[in-house]
**Student:** 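Before we start, here is the structure in question, set down as structure tokens.
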Amino acid sequence: MSNSSLGRRGRAHYVFDKDLVYERLRDLLGDRVNREEHIRHSYVGDTGWLTLYHAFKRIKAPLPDIVVFPKNAEEISGILKVANEFRVPVIPYGGGSGVWGGTIPLYGGIVVDMKLMNNIEINEEAMTVTAEAGVLSYELELKLNERGLTMGHYPASMFSATVGGMLAARSSGVASTKYGKIEDMVLGLEVVLPTGEILRTPVKPRYTGAVGPDLVQLFVGSEGTLGIITRATFQLHLLPEKRIFSAFSFRSLEDGYRSVVKMLSRVTPAVVRLYDEEEVMRSKFKTYTPPEGVRGALLLLIFDGFGEMPELEEKIAREICLENGGSYIGDEPARKWWNERFRHYYPPLSPSSNLPMIYGTIDVAATFDKLLKIYRAVKEALYSRYGDYQLQTAAHFSHWSKSGGMVYLRFYVLDPPADPEKAIKLREDIIETAIKITAQMGGIINDHHGVGLDLGRYMELQHGPIGMDTLRRIKKVLDPNGIMNPGKLGL
Ligand SMILES: Cc1cc2nc3c(=O)[nH]c(=O)nc-3n(C[C@H](O)[C@H](O)[C@H](O)COP(=O)(O)OP(=O)(O)OC[C@H]3O[C@@H](n4cnc5c(N)ncnc54)[C@H](O)[C@@H]3O)c2cc1C
């Protein structure tokens with residue numbers, strides 16, 4: 001097996017008396033401690049290709065030794081104190097919907113399933129909601145909508161992602177251009193530190209405060225390596241009274257890209273999705289059929305809000321698109337995409353239903369001047385190096401901000417090697433090619449799926465040796481025994 005095969009990872013660093021640890025945890029949580037084999041098998045990883053491929057090919061992968069189901073921060077504090085005493089790895093587990101191997105229990109240890117922590121408190125006067133880490137994204141949004149409120153956070157995985165997991169992996173929803181990423185929404189956190197202390201930050205309104213470095217943002221994106229997030233407070237918005245949909249075709253991707261960049265300094269759509277030719281053609285088999293002649297690029301826009309604002313914004317955006325070579329093709333493609341947006345990601349439409357096919361997503365971000373160039377360079381390199389394996393790509397640009405955007409480039413290897421060792425290595429090579437080009441051209445190597453296990457080896461490339469050393473020092477101070485999610489984030 002290649003080095004990346006999960007079964008080959010050593011467990012030598014972490015040797016502990018499993019029976020004793022189990023008994024100590026039972027003293028704390030009673031029946032909410034489990035070590036039955038079939039339960040441990042449920043926590044073998046996440047929803048990423050590496051985990052699914054191992055299961056599909058029946059390749060041995062590491063199991064956790066114990067799974068626990070705490071109900072509050074105090075219980076988690078007790079668990080982490082035991083883990084520290086016996087030097088046991090701890091893997092926080094939300095919905096397991098991550099895609100880069102963040103919840104794979106590389107060295108065994110204790111999986112802390114957060115889903116019993118599911119309390120929600122809405123404060124309408126403050127326009128905030130405080131949710132425990134195990135709350136599902138979908139449930140949270142549903143509760144808010146019942147009161148005419150929203151977070152504006154709609155990840156495609158909202159039926160399986162939790163508050164803690166979304167914060168830990170820097171999640172972004174489809175309407176992030178208007179509402180921001182999860183890190184823009186969070187105002188305060190409760191975190192259990194690796195040594196068991198419970199940190200509660202003040203709830204600070206956005207764009208306020210001059211009280212030193214931001215402790216909230218230290219834990220956002222830490223992927224379970226610096227502690228366990230137990231509760232978070234987010235800002236809220238009124239549920240918009242209307243949504244206006246609009247779609248444009250372009251002869252070239254460049255024309256569409258230029259239109260988006262121009263419109264973003266004038267208007268703020270909730271959703272902006274620019275599809276390349278390959279994805280337009282793939283879409284034919286999904287939720288809509290592009291009109292005759294739409295091959296160059298397709299742009300879907302959604303504006304939401306109150307009164308005349310959404311129509312006014314759409315009017316300005318439409319003028320920009322028409323001036324830059326776009327043709328208006330009605331509201332239906334964008335409306336249909338919105339109504340059916342979850343269908344793309346789950347079987348039978350998800351590529352995971354075509355295993356052992358190799359697939360993956362390169363979701364990288366950059367400023368306006370670099371993003372399109374990175375996309376071109378990555379695509380060219382992938383087709384020229386891996387064309388023999390019948391590699392195909394399909395991409396869209398989305399999750400834009402006022403300073404840049406993200407390209408979500410899917411790759412599919414239709415003729416993968418049958419030998420698992422070669423297949424795993426081939427996927428690693430494809431990812432490495434894309435990540436190295438992105439980093440060399442000044443891009444950010446992941447936009448909103450996190451780093452997990454797969455991208456950990458590129459953290460130094462992203463942050464530089466001094467940046468990485470700074471992260472390692474922070475880790476060492478907070479987690480002196482290295483128990484928190486070892487092997488992830490490159491730490
Ligand atoms: C079909 C599909 C569609 C997706 N679409 C999107 C999308 O639109 N936008 C998006 O952002 N992501 C998307 N993802 C990726 C995934 O849903 C996100 O990464 C999500 O944030 C993970 O949440 P989770 O609760 O499942 O976390 P998990 O997978 O359980 O964990 C992810 C990481 O966070 C850590 N962690 C979990 N809970 C805690 C906690 N309480 N404290 C500290 N660390 C913790 C874990 O140890 C792990 O390292 C998609 C995934 C799938 C499978």
**Student:** Do Pro64 and Tyr93 make a side-chain contact, defined as non-hydrogen atoms from C-beta onward lying under 4.5 Å apart?
**Tutor:** no

**Student:** Are Asn485 and Thr225 close enough that a side-chain donor and a side-chain acceptor fall under 3.5 Å?
**Tutor:** no

**Student:** When rounded to the nearest 0.5 angstrom, what distance separates CE in Met185 from OG in Ser172?
**Tutor:** 7.5 Å

**Student:** For Tyr257, run the ring-ring contact (aromatic ring centres under 6.0 Å, His included) check against Phe250, Trp400, Phe368, Tyr375 and tell me which one passes.
**Tutor:** Trp400

**Student:** For Glu254, which residues count as a salt bridge (charged side-chain N to carboxylate O under 4.0 Å, His left out) partner, sequence neighbours excluded?
**Tutor:** Arg376

**Student:** Tell me if the aromatic rings of Tyr179 and His237 count as close, with their centers under 6.0 Å from one another.
**Tutor:** yes

**Student:** Going through the checks in order, is the salt bridge (charged side-chain N to carboxylate O under 4.0 Å, His left out) test met by Arg231 and Glu132?
**Tutor:** CA-CA 4 Å; Arg231 183 189 297 264; Glu132 287 187 311; 3.6 Å; yes

**Student:** In terms of side-chain heavy atoms, does Tyr412 have a donor or acceptor partner in Gln390 at a distance below 3.5 Å?
**Tutor:** no

**Student:** How about Ser171 and His153: does a side-chain donor come under 3.5 Å of a side-chain acceptor?
**Tutor:** yes

**Student:** Who passes ring pair (Phe, Tyr, Trp, His ring centres under 6.0 Å) against Tyr154, sequence neighbours left out?
**Tutor:** Trp338

**Student:** Is it the case that more than 12 heavy atoms not belonging to Lys436 sit under 6.0 Å from its NZ atom?
**Tutor:** no

**Student:** Does any donor atom in the side chain of Thr361 or Asp363 lie under 3.5 Å from an acceptor atom in the other side chain?
**Tutor:** no

**Student:** Between Phe159 and Tyr138, what is the ring plane arrangement, given parallel below 30°, perpendicular above 60°, and tilted in between?
**Tutor:** tilted

**Student:** Checking salt bridge (charged side-chain N to carboxylate O under 4.0 Å, His left out) for the pair Arg472/Glu460: CA distance, chi angles, key distance, verdict?
**Tutor:** CA-CA 11 Å; Arg472 285 199 189 101; Glu460 186 152 336; 3.7 Å; yes

**Student:** Using distance alone, with no hydrogens and no angle criterion, decide if Glu141 and Thr150 have a side-chain donor and acceptor under 3.5 Å apart.
**Tutor:** yes

**Student:** For a quick check under 3.5 Å, do Glu278 and Thr393 share a side-chain donor-acceptor pair by atom type?
**Tutor:** no

**Student:** Is it true that atom NZ of Lys262 has more than 12 heavy atoms of other residues, nucleotides or ligands lying nearer than 6.0 Å?
**Tutor:** no

**Student:** Are there over 12 heavy-atom neighbours, none belonging to Met357, within less than 6.0 Å of that residue's CE?
**Tutor:** yes

**Student:** Can you tell me which residue among Thr233, Thr230, Leu199 is in a side chain to side chain contact (heavy atoms under 4.5 Å, CB included) with Glu190?
**Tutor:** Thr230

